[in-house]
Amino acid sequence: MQKLRIEGGRRLAGRIPISGAKNAALPALAATLLTEEPVRLERIPGVVDIRTMIRLLEALGASIEESNGVKTIDARALGEPVAPYEVVKTMRASSLALGPLAARCGRARVSLPGGCAIGARPINLHLAGLEVLGARIEQEAGYVEAIAPSGGLRGAHYVFPRITVTGTEDLMMAATLARGVTVLDNAAREPEVVDLAELLTKMGARIQGAGSSRIEIEGVDRLHGAEHRIIPDRIEAGTYLAAGALVGDGLEIDGLEPSHLGAVLEKLEQADVKLERTGPTTLRVSSNGRLRPVDVTTEEFPGFPTDMQAQWMALMAFADGVSHLVETIFENRFMHVAELRRMGVEIELSGNRATIRGGRKVGGAAVMASDLRASACLVVAGLAAEGATTIDRVYHLDRGYESLEAKLTAVGASVERVR
Ligand code: EPZ
């Protein structure tokens, strides 16, 4: 099993380019199932989850071509609308195929996603929404099947009992081909939802209100091909900003979208991190030797993102004092705590609240990644810790960070992959 070895304490200077957002690229790839015409997508990140989604599209009958960074997906000739267990078990975002397949083929059969390290993460709200759009939902042998009525899905009004990002995306895609108007209330407002709506609109969908909690979709008979450039990855950018806050020396994070990072930038500034905007999509970050402890509660966008919670905890391990982190989105997203404790960080847990006593020596250690963002947290801590840190099960990191070692080595970090 591969490990990442990091020699802590190196100052980082230079430029880190931000890749396309994994969590925008995944629904965009699923959206290509909605049309018989080719869709060209730019800035798709080269990460494992994307390769898994492409495998899923190919299993469904789509063909994918790539030339100089642009992927062209042609889903003209779809086969059986079945997302097999072998694919879904490795990536729960396969549930994003449900809505498009039910809308395009009248039927979708997707293996129920198994458990996940950070929580149960059911897809019951995706299914409840599809039922409201007229689909019959059946479940057997670990698969869930959504069967549209003979005339196709019907527009309807659905109020999400709780905000779900991929639930919003799944139903927005299904509604584009439903007969009539669909209203989604209490919808997710994430930038990735807005980016998907922009792609769908380019494909001929009629969508109003993406980015607000009420999205209206007027169904159309068919969608056509389009070209689209995926937004930059705000969580990748936030991760490198956290690293720069600890060991940056004029580190430039380039190609990000500041408006997607409002809550994170606000908290970094409260922590006294030196941030300068050196271009419309470039932030320059430096550590100034001291870091104020700042409390964070994770919330849906535009609040502080849960996907930055672990990285923030790593940052607060080096702050001068006590800070509190409350995780409100997932029920088990503190697996990185045990690993940070191995590095000497003093953390108390009480339910969904972590108390971090920063300011003590953080030493490199052998640690283990448990999920994607927990592994990012350990990278951030390892870059600033005294001595060497080895992170085991680094395949978690490869799911969502493109060329992480190359990007960090290029700005002076000592990061290498070892057996
Ligand atoms: C998306 O996951 C992201 N993944 C996650 O990023 C992110 O952490 C999450 O949104 C929250 O922002 C992708 O976009 C591919 P949710 P998603 O549905 O859509 C509960 C990463 O690190 N829920 O918004 O699966 C759920 O259990 C990943 O890149 C239901 O109960 O998250 C959770 O507690 C991790 N029933 C809460 O809602 C449902 O049907 C929010 O989940 C759906 C969700």
Side-chain angles (χ1 to χ4, degrees), residues 19-31 44-45 47-50 52-53 56 88 90-99 110 112-132 137 144 146 158-173 184 186-196 213 230-231 233-239 260 263-264 298-312 327-333 335-336 352 369-377 396-402:
S19 302
K22 161 180 87 81
N23 291 349
L26 289 169
L29 287 165
I44 297 270
V47 297
V48 170
D49 273 8
I50 293 297
T52 304
M53 180 59 89
L56 173 59
V88 177
T90 63
M91 186 190 62
R92 52 183 317 95
S94 308
S95 57
L96 283 166
L98 262 173
V110 174
L112 275 170
C116 168
I118 62 177
R121 298 183 74 184
I123 59 167
N124 58 315
L125 303 182
H126 299 230
L127 303 175
L130 285 170
E131 267 186 321
V132 167
I137 304 294
V144 67
Y158 180 62
V159 183
F160 284 98
R162 75 171 292 176
I163 294 172
T164 156
V165 175
T166 51
T168 299
E169 293 165 346
D170 221 350
L171 294 180
M172 185 163 71
M173 288 190 281
L184 301 178
N186 199 25
R189 299 169 53 193
E190 270 68 6
E192 292 76 26
V193 172
V194 175
D195 200 42
L196 175 62
S213 56
I230 301 293
I231 53 171
D233 194 316
R234 61 194 169 101
I235 305 301
E236 182 195 21
T239 303
H260 296 167
V264 174
T298 63
E299 295 170 321
E300 293 88 356
F301 195 87
F304 191 95
T306 174
D307 290 352
M308 276 296 298
Q309 180 257 104
Q311 298 91 310
W312 190 261
E327 171 57 58
T328 69
I329 307 293
F330 290 108
E331 64 270 26
N332 185 33
R333 200 169 200 176
M335 249 92 58
H336 41 287
N352 68 343
S370 52
D371 58 84
L372 170 55
R373 305 305 173 181
S375 48
C377 151
H396 288 290
L397 201 68
D398 298 337
R399 298 191 54 169
Y401 287 89
E402 183 175 43

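Ligands are counted one by one from 1 in listed order, and the atoms in each one are counted from 1 as well. All values derive from a computational prediction rather than experimental measurement.
Contacts with ligand 1 closer than 4.0 Å are made by no heavy atom of Q309, backbone or side chain. With a 4.0 Å cut-off on non-hydrogen atoms, D371 does not touch ligand 1 at all. Neither the backbone nor the side chain of E192 has a heavy atom within less than 4.0 Å of ligand 1.
In terms of protein heavy-atom proximity, atom 19 (O) of ligand 1 is closest to T166 OG1, 2.6 Å. For atom 25 (O) of ligand 1, the nearest protein heavy atom (residue, atom name, distance) is R121 NH2, 3.1 Å. Counting only heavy atoms of the protein, atom 11 (C) of ligand 1 lies nearest to T306 CG2, 3.8 Å. Residue, atom and distance of the protein heavy atom nearest to atom 8 (O) of ligand 1 are D307 OD1, 2.6 Å. In this structure, the protein non-hydrogen atom closest to atom 31 (O) of ligand 1 is P122 CG, 3.6 Å. Considering only non-hydrogen protein atoms, atom 38 (O) of ligand 1 sits nearest to R162 NE, 3.3 Å. For atom 40 (O) of ligand 1, the closest non-hydrogen atom of the protein is L125 N, 2.7 Å. Counting protein heavy atoms only, atom 36 (N) of ligand 1 is closest to N124 OD1, 2.7 Å.
The N/O atoms of F330, backbone and side chain alike, include none that comes under 3.5 Å of an N/O atom in ligand 1. At a 3.5 angstrom cut-off on N or O pairs, E331 does not count as close to ligand 1. Of the polar atoms of T164, at least one N or O is found under 3.5 Å from an N or O of ligand 1, judged by distance alone. Close N/O approach between N23 and ligand 1 is found [any backbone or side-chain N/O within under 3.5 Å]. Residue L26 has no nitrogen or oxygen atom sitting less than 3.5 Å from a nitrogen or oxygen atom of ligand 1, judged on distance alone.
Heavy-atom contacts of L372 reach the following atoms of ligand 1: 22 (O), 29 (O) (cutoff under 4.0 Å). Heavy-atom proximity to R373, at under 4.0 Å, picks out these atoms of ligand 1: 21 (C), 22 (O), 29 (O). Under a 4.0 Å criterion applied to the non-hydrogen atoms of H126, ligand 1 contributes the atoms 40 (O). Interface atoms of ligand 1 facing K22, defined by a heavy-atom separation under 4.0 Å, are 21 (C), 29 (O).
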- Test K22 against E402 for salt bridge (Lys or Arg N to Asp or Glu O under 4.0 Å), laying out the working first. CA-CA 9 Å; K22 161 180 87 81; E402 183 175 43; over 6 Å; no

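When side chains are defined from C-beta on, E300 does not count as touching R189, because their heavy atoms never get closer than 4.5 Å. Inter-residue side-chain proximity for R121 and P113 is flagged as unmet; no heavy-atom pair is nearer than 4.5 Å. Counting heavy atoms from C-beta outward, L125 and P161 have side chains that approach closer than 4.5 Å. M173 places a side-chain heavy atom less than 4.5 Å from the side chain of L96. Counting heavy atoms from C-beta on, the side chains of M308 and I235 come closer than 4.5 Å.
No heavy atom of R399 sits closer than 4.0 Å to any atom of ligand 1. Using a 4.0 angstrom heavy-atom cutoff, R333 counts as in contact with ligand 1.
Scanning for salt bridge (Lys or Arg N to Asp or Glu O under 4.0 Å) contacts around E190 gives an empty result, with sequence neighbours left out.
What you find for I137 and A146 is that their closest heavy atoms are CD1-CB, 3.8 Å. Closest approach of H396 to A369, counting heavy atoms only: CD2-O, 3.5 Å. Closest approach of G99 and L130 over heavy atoms only: CA-CD2, 4.3 Å.
Among residues at least two apart or in separate chains, there is no salt bridge (Lys or Arg N to Asp or Glu O under 4.0 Å) pair with a member in residues 160-171.
Comparing I235, V165, L196 by heavy-atom distance to atom 10 (O) of ligand 1, the nearest is V165.
With respect to R333 and D307, a salt bridge is recorded, a charged nitrogen being found less than 4.0 Å from a carboxylate O.
For the side chain to side chain donor-acceptor pair (under 3.5 Å) with E327, the lone residue among N332, N352, T306 that qualifies is T306.
Rounding to the nearest 0.5 Å places OH of Y401 at 7.0 Å from OG of S375.
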